[in-house]
Amino acid sequence: MNMKIAFVGKGGSGKTTLSSLFIRHLAATGAPVIAVDADINQHLGAALGLDEEQAAALPAMGGRLPLIKDYLRGTNPRIASAEKMIKTTPPGDGSRLLRLCEDNPVYEACARAVELDGGAVRLMVTGQFTEADLGVACYHSKTGAVELLLNHLVDGRDEYAVVDMTAGSDSFASGMFTRFDMTFLVAEPTRKGVSVYRQYKEYAHDFGVDLKVVGNKVQGQDDIDFLREQVGDDLLVTVGHSDWVRSMEKGRPPRFELLEESNHLALKTLQAAADSAYDRRDWERYTRQMVHFHLKNAQSWGNERTGVDLAAQVDPDFVLREHAPATA
């Protein structure tokens, strides 16, 4: 099963560290993985062992948006040109759909293989928010490429797309928060740590988002009790201090098999929770939400910017499904 998994949380909660551990865990099982850094602060590459030069050399998806749009548009007659596509443009008859294990021009331009001791993963990054963007661009324009990717990504079995999302409630700036089978919210045992959870829970409730809390930086039973009191049954697992992670943050990660046994068990728990969400997947709702956010974006800014009625891009007969045909 292909699972789309998000890691969210406030800045400094440890979500990038935990998402990188989860990616390493999946790679060690031999599962195909696409890892996506959709955070405005790009740290996932470093957490997966890249040095500064290697991380800086990763191709930015945001800088390759015309290529991505043109490829995904395919022969869809409802989309006049790549210029008329926006980040929420949904696929329809004739659109090109992406499969996790294939080779295609989007991966060729935007993905790079990262070797981990348990295997290799494809890493994609939105790109840094640079000084040139200040005052003229919003970083949601960078993450638009990720939204298009997820909206056109079709599932195969035993594959994973893991996205390190932007911090805090900024995740709600688009419909991307509805694109996941499972969302892991990383929370520290503090009032500020659980406030992001409450905000996320409230906003995500109407959209059927599957949300589980990962308690991080937990030092004892009192911390666990606090988290349980604040988030209830949404608390899936807790993670404490890790000497392995400290070494990794210094750029000297030991072999992944040497990660503490308790943390290996925590990662297995995350995978089991993500896998169990597959049976609850609702393709019609997934496609309907795609259309909902597209129409919302079209009305608020898209129609004016493109000069066309973007509602016409919606194919009413199209439902993204596991075995949806891909256009050559």
Side-chain angles (χ1 to χ4, degrees), residues 3-26 35-48 123 125-126 129 139-140 142-143 146-147 150 160-205 207 209-219 223-242 245-246 248-249 263 266-267 269-271 273-274 277:
M3 303 302 298
K4 299 182 183 80
I5 298 157
F7 280 80
V8 300
K10 78 173 183 64
S13 63
K15 70 179 178 61
T16 298
T17 298
L18 279 168
S19 61
S20 73
L21 288 177
F22 188 60
I23 289 161
R24 288 175 186 269
H25 164 76
L26 293 174
V36 182
D37 192 343
D39 195 347
I40 185 173
N41 299 306
Q42 302 270 279
H43 297 309
L44 185 58
L48 291 173
L123 174 62
V125 303
T126 58
F129 194 71
Y139 71 85
H140 305 133
K142 304 267 188 191
T143 58
V146 181
E147 195 160 352
L150 293 173
Y160 297 84
V162 181
V163 182
D164 182 17
M165 293 281 279
T166 193
S169 57
D170 285 332
S171 298
F172 299 124
S174 73
M176 197 156 69
F177 74 95
T178 66
R179 302 297 82 199
F180 302 100
D181 298 287
M182 176 59 69
T183 298
F184 292 126
L185 189 142
V186 181
E188 298 168 86
T190 62
R191 282 194 300 176
K192 192 178 283 188
V194 298
S195 68
V196 172
Y197 158 77
R198 289 205 187 91
Q199 203 171 6
Y200 215 106
K201 179 82 170 176
E202 182 182 351
Y203 199 88
H205 178 264
F207 295 93
V209 171
D210 227 329
L211 181 68
K212 291 295 180 186
V213 174
V214 182
N216 195 28
K217 305 180 184 178
V218 168
Q219 295 183 8
D223 286 346
I224 297 172
D225 292 343
F226 173 81
L227 285 169
R228 180 72 68 191
E229 177 187 305
Q230 297 295 320
V231 309
D233 290 341
D234 284 340
L235 182 63
L236 177 66
V237 73
T238 61
V239 179
H241 172 81
S242 167
V245 168
R246 287 298 294 270
M248 184 262 294
E249 289 173 341
N263 290 327
L267 295 171
T269 301
L270 296 187
Q271 184 179 5

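Positions are given from 1, in the same order as the sequence printed here. All values below come from the heavy atoms of this structure, side chains included, with hydrogens, waters and symmetry mates left out.
With a 4.5 Å cut-off on side-chain heavy atoms, Lys10 and Glu188 count as touching. Looking only at side-chain heavy atoms (C-beta outward), Met182 and Lys212 come within less than 4.5 Å of each other. No side-chain heavy atom of Thr183 sits under 4.5 Å from any side-chain heavy atom of Met165. Side chains of Ser19 and Leu44 form a contact here, defined as non-hydrogen atoms less than 4.5 Å apart. Under the 4.5 Å side-chain criterion, counting only non-hydrogen atoms from C-beta, Asp223 is not in contact with Thr238. In this structure, the side chains of Leu227 and Val218 come closer than 4.5 Å at one or more pairs of heavy atoms. Between Phe180 and Val209 there is no side-chain heavy-atom pair separated by less than 4.5 Å. Contact check for Gln42 versus Thr126: side-chain heavy atoms found under the 4.5 Å cut-off.
For the atom pair CG (Asp164) and CG (Leu48), the distance works out to 9.5 Å, reported to the nearest 0.5 Å. Going from atom NZ of Lys192 over to atom OG of Ser13 covers 12.5 Å, rounded to the nearest 0.5 Å. The line from NZ of Lys4 to CG of Leu150 is 7.0 Å long, rounded to the nearest 0.5 Å. Remark: Asp234 CG to Tyr197 OH distance equals 3.5 Å, nearest 0.5 Å. Interatomic distance, CG of Leu235 versus CZ of Phe226, reported as 11.5 Å (0.5 Å rounding). Between atom OG of residue Ser20 and atom NZ of residue Lys15 there is a gap of 11.0 Å, rounded to the nearest 0.5 Å.
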**Message:** For Val8 and Tyr200: C-alpha separation, side-chain torsions, deciding distance, then whether side-chain contact (heavy atoms from CB on, under 4.5 Å) applies.
**Reply:** CA-CA 9 Å; Val8 300; Tyr200 215 106; 3.5 Å; yes
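Residues Ala38 and Val146 approach most closely at CB-CG2, 4.2 Å, considering heavy atoms. Here the shortest heavy-atom pairing between Ala47 and Thr16 reads CB-CG2, 4.1 Å. Leu236 approaches Ala273 most closely through the heavy-atom pair CD2-CB, 3.7 Å. The two residues Asn216 and Gly14 have their closest heavy-atom pair at ND2-CA, 3.7 Å.
Classification of the Phe177-Phe207 ring pair by plane angle, with boundaries at 30° and 60°, yields perpendicular. Between Tyr160 and Phe22, the ring-plane angle classifies as perpendicular under the 30° and 60° cut-offs.
Atom CD of Glu249 has more than 12 heavy atoms from other residues, nucleotides or ligands within 6.0 Å. Taking a 6.0 Å sphere around CZ of Arg246, one finds it holds 12 or fewer heavy atoms contributed by other residues, nucleotides or ligands.
Of the possible donor and acceptor atoms, one in the side chain of Thr190 sits under 3.5 Å from a partner among the backbone N and O of Gly193. Under the 3.5 Å distance criterion, the side-chain polar atoms of Asp181 are left unmatched by any main-chain donor or acceptor of Ala277. For Asp37 (side chain) and His43 (main-chain N/O), a donor-acceptor pair under 3.5 Å exists by modelled atom type.
For the side chain to side chain contact (heavy atoms under 4.5 Å, CB included) with Val214, the lone residue among Leu270, Leu185, Thr269 that qualifies is Leu270.
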